[in-house]
There are 2 protein chains.
Amino acid sequence: MQKQAKAVFEQYLSKKNLKATHQRNLILETFLKTEKHLTHEELYEIVKKKDKSIGQTTVYRTLKLLVESDIAREVDFGDRIVRYEHKCCHIHHDHLICMHCKKTIEIVDSQIEELQESIAAKYGFVLVDHNMSLYGICNDCFK
Amino acid sequence: MQKQAKAVFEQYLSKKNLKATHQRNLILETFLKTEKHLTHEELYEIVKKKDKSIGQTTVYRTLKLLVESDIAREVDFGDRIVRYEHKCCHIHHDHLICMHCKKTIEIVDSQIEELQESIAAKYGFVLVDHNMSLYGICNDCFK
DNA sequence: CTGTTCGATGAAATTAAATTTCAATTTCGG
DNA sequence: CCGAAATTGAAATTTAATTTCATCGAACAG
């Protein structure tokens, strides 16, 4: 899975005549290892522990490249802060977010996906992407 | 429908010991008349034509009040710009957005709503709100 | 190898939008 | 009407995203 993402990234870089640098490799590896939704600053904090010389701008720009190469996806849980999640080699999922404790649960539901496709088709749209976020209160917080 | 929204707003204001001012009334009326998704700046431009003395801060703040009183809803179509749409007296709808011409279509689909409820229930969540945006290319742009 | 070119990098500056501040003004209950 | 408390508008601030620019480094030709 990680190997696949690395291969995709390499291909993307060479297609665009971009260079495979030490920084980009380290940032991609670090990104692949995290399973949470991180902002570019949060990823920068982790990357910095492995290589103090890497700047936050590079992390920011590399994440943009990961999005362009379909390895990452930008998500926004309603607070207008951009977070990144894995896209490559994962099936699409939606999010269930607790408005109280901010816990997020990833949902995979093929019925939803099918419905979305059929709605788009009904209006003559070719569906490219979508996001669905459900906001509520989780069991723990409801007590 | 507009009367209903105005009554809701009045009630909200008095409940919170806030005052019913000329500006708030005009902003609410103007908001109710627009059927598009506007930013606070865009709404300000329209309101200004009716009363030059109103400031954009007041429009911004009044929109926040409309959200609190459930008359309006904030939406974000992926560009991190907050737009406002009617919520009171409308059933919930989702959005289909053309990534090319930016056209947005409002979708009402009870099957989706039901599925969302049942997913939330499955994970022990009480659903409060949700947003679903489908991004694609419309018929016209596809040619 | 090694020089050269062009993309990459990092710190700092800039942009863009949201939000807050504050002095002056307005509302509304008494 | 009066006065306390909320509101207003302009301007300032905050916050996150994005760009700039002076080096630096990768990779390729020779």
Side-chain angles (χ1 to χ4, degrees), chain A residues 9-31 37-69 72-85, chain B residues 6 9-31 37-69 72-84:
Chain A
F9 193 47
E10 263 179 45
Q11 252 184 40
Y12 179 79
L13 292 178
S14 86
K15 190 179 77 188
K16 293 271 179 174
N17 275 86
L18 302 174
K19 289 168 183 170
T21 65
H22 157 65
Q23 287 94 330
R24 284 175 179 165
N25 288 333
L26 181 58
I27 292 165
L28 172 58
E29 268 177 33
T30 309
F31 173 71
H37 304 97
L38 299 179
T39 64
H40 65 90
E41 295 251 348
E42 287 165 345
L43 185 60
Y44 165 62
E45 291 302 324
I46 299 172
V47 167
K48 204 166 54 171
K49 287 180 192 156
K50 301 183 186 172
D51 182 341
K52 270 201 287 191
S53 70
I54 290 184
Q56 64 93 12
T57 316
T58 302
V59 174
Y60 170 79
R61 282 187 285 224
T62 303
L63 279 166
K64 289 283 175 192
L65 288 178
L66 296 183
V67 170
E68 286 168 31
S69 56
R73 167 198 301 278
E74 297 186 342
V75 290
D76 174 357
F77 295 146
D79 54 4
R80 256 153 289 122
I81 294 175
V82 177
R83 290 161 200 283
Y84 295 85
E85 67 176 19
Chain B
K6 284 185 194 175
F9 194 46
E10 264 177 46
Q11 252 184 42
Y12 180 78
L13 291 179
S14 86
K15 190 178 76 187
K16 292 271 179 175
N17 275 85
L18 303 175
K19 287 167 184 171
T21 65
H22 158 66
Q23 288 95 328
R24 285 176 178 164
N25 288 333
L26 181 59
I27 292 164
L28 173 57
E29 269 177 31
T30 309
F31 174 71
H37 305 97
L38 300 179
T39 63
H40 66 89
E41 295 252 348
E42 287 165 345
L43 186 61
Y44 165 63
E45 290 303 324
I46 299 172
V47 167
K48 203 166 55 174
K49 286 180 193 154
K50 302 185 186 171
D51 182 342
K52 271 201 289 193
S53 70
I54 290 184
Q56 63 94 13
T57 315
T58 303
V59 174
Y60 171 80
R61 282 186 285 221
T62 302
L63 280 166
K64 289 284 177 193
L65 288 179
L66 296 183
V67 170
E68 286 168 30
S69 56
R73 168 198 300 277
E74 298 187 341
V75 290
D76 174 356
F77 295 145
D79 54 6
R80 258 154 287 123
I81 294 175
V82 177
R83 290 160 199 284
Y84 295 85

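Values below: every heavy atom of this structure, side chains too, minus hydrogens, waters and symmetry copies. The model shown is predicted, which means the values in this text are computed figures rather than measured ones.
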Think [X] has a side-chain N or O under 4.0 angstrom from the OP1 or OP2 of [N]?
{"X": "Tyr60(B)", "N": "dT19(C)", "answer": "yes"}
{"X": "His22(B)", "N": "dT26(C)", "answer": "no"}
{"X": "Gln23(B)", "N": "dG9(D)", "answer": "yes"}
{"X": "Lys64(A)", "N": "dT18(D)", "answer": "yes"}

Find the distance [X]:[atom1] to [N]:[atom2] and express it as a whole number of Å.
{"X": "Glu42(B)", "N": "dA17(C)", "atom1": "CD", "atom2": "C1'", "value": "13 Å"}
{"X": "Tyr44(B)", "N": "dA11(D)", "atom1": "OH", "atom2": "P", "value": "11 Å"}
{"X": "Tyr84(A)", "N": "dA16(D)", "atom1": "OH", "atom2": "P", "value": "14 Å"}
{"X": "Asp51(B)", "N": "dT25(C)", "atom1": "CG", "atom2": "C1'", "value": "14 Å"}
{"X": "Arg61(A)", "N": "dT18(D)", "atom1": "CZ", "atom2": "C1'", "value": "10 Å"}
{"X": "Arg83(A)", "N": "dA17(D)", "atom1": "CZ", "atom2": "C1'", "value": "14 Å"}
{"X": "Ile81(B)", "N": "dA17(D)", "atom1": "CD1", "atom2": "C1'", "value": "12 Å"}
{"X": "Leu26(B)", "N": "dG9(D)", "atom1": "CG", "atom2": "C1'", "value": "15 Å"}

Practice prompt. Would you name the heavy atoms of Glu41(A) and Gln56(A) that are closest together and state the gap between them?
Written response: OE2-OE1, 4.2 Å

Worksheet item: How far apart are the closest heavy atoms of Lys19(A) and Arg24(A), and which atoms are they?
Response: O-NH1, 2.7 Å

Worksheet item: Under 3.5 Å, is there an N or O donor on one side and an acceptor on the other linking the side chain of Thr21(A) and the base of dA8(C)?
Response: no

Worksheet item: Is there a donor on the side chain of Lys19(A) or the base of dA27(D) sitting less than 3.5 Å from an acceptor on the other?
Response: no

Determine the contact category for [X]: base if any of its heavy atoms lies under 4.0 Å from a base atom, sugar-phosphate if only primed atoms, P, OP1 or OP2 are that close, otherwise nothing.
{"X": "Ser53(B)", "result": "sugar-phosphate"}
{"X": "Lys52(A)", "result": "nothing"}
{"X": "Lys16(A)", "result": "nothing"}

Worksheet entry | Residues Lys64(A), Glu74(A): salt bridge by 4.0 Å N-O rule | yes

Practice prompt. Let me know, please, whether Gln56(B) or Ala20(B) comes out on the 5' side of the other along DNA chain D by nearest nucleotide.
Written response: Ala20(B)

Worksheet item: Want to settle it: does Arg80(B) or Asn17(B) sit nearer the 5' end of DNA chain D, counting the closest nucleotide to each?
Response: Asn17(B)

Fill in: Heavy-atom side-chain proximity of Leu28(A) to Leu66(A) below 4.5 angstrom
yes

Worksheet item: Choosing from dA11(C), dA17(D), dT7(D), which nucleotide comes nearest the side chain of Leu18(B)?
Response: dT7(D)

Practice prompt. Just do the side chain to side chain contact (heavy atoms under 4.5 Å, CB included) check on His40(A) and Arg61(A) with the steps written out, would you?
Written response: CA-CA 9 Å; His40(A) 65 90; Arg61(A) 282 187 285 224; over 6 Å; no

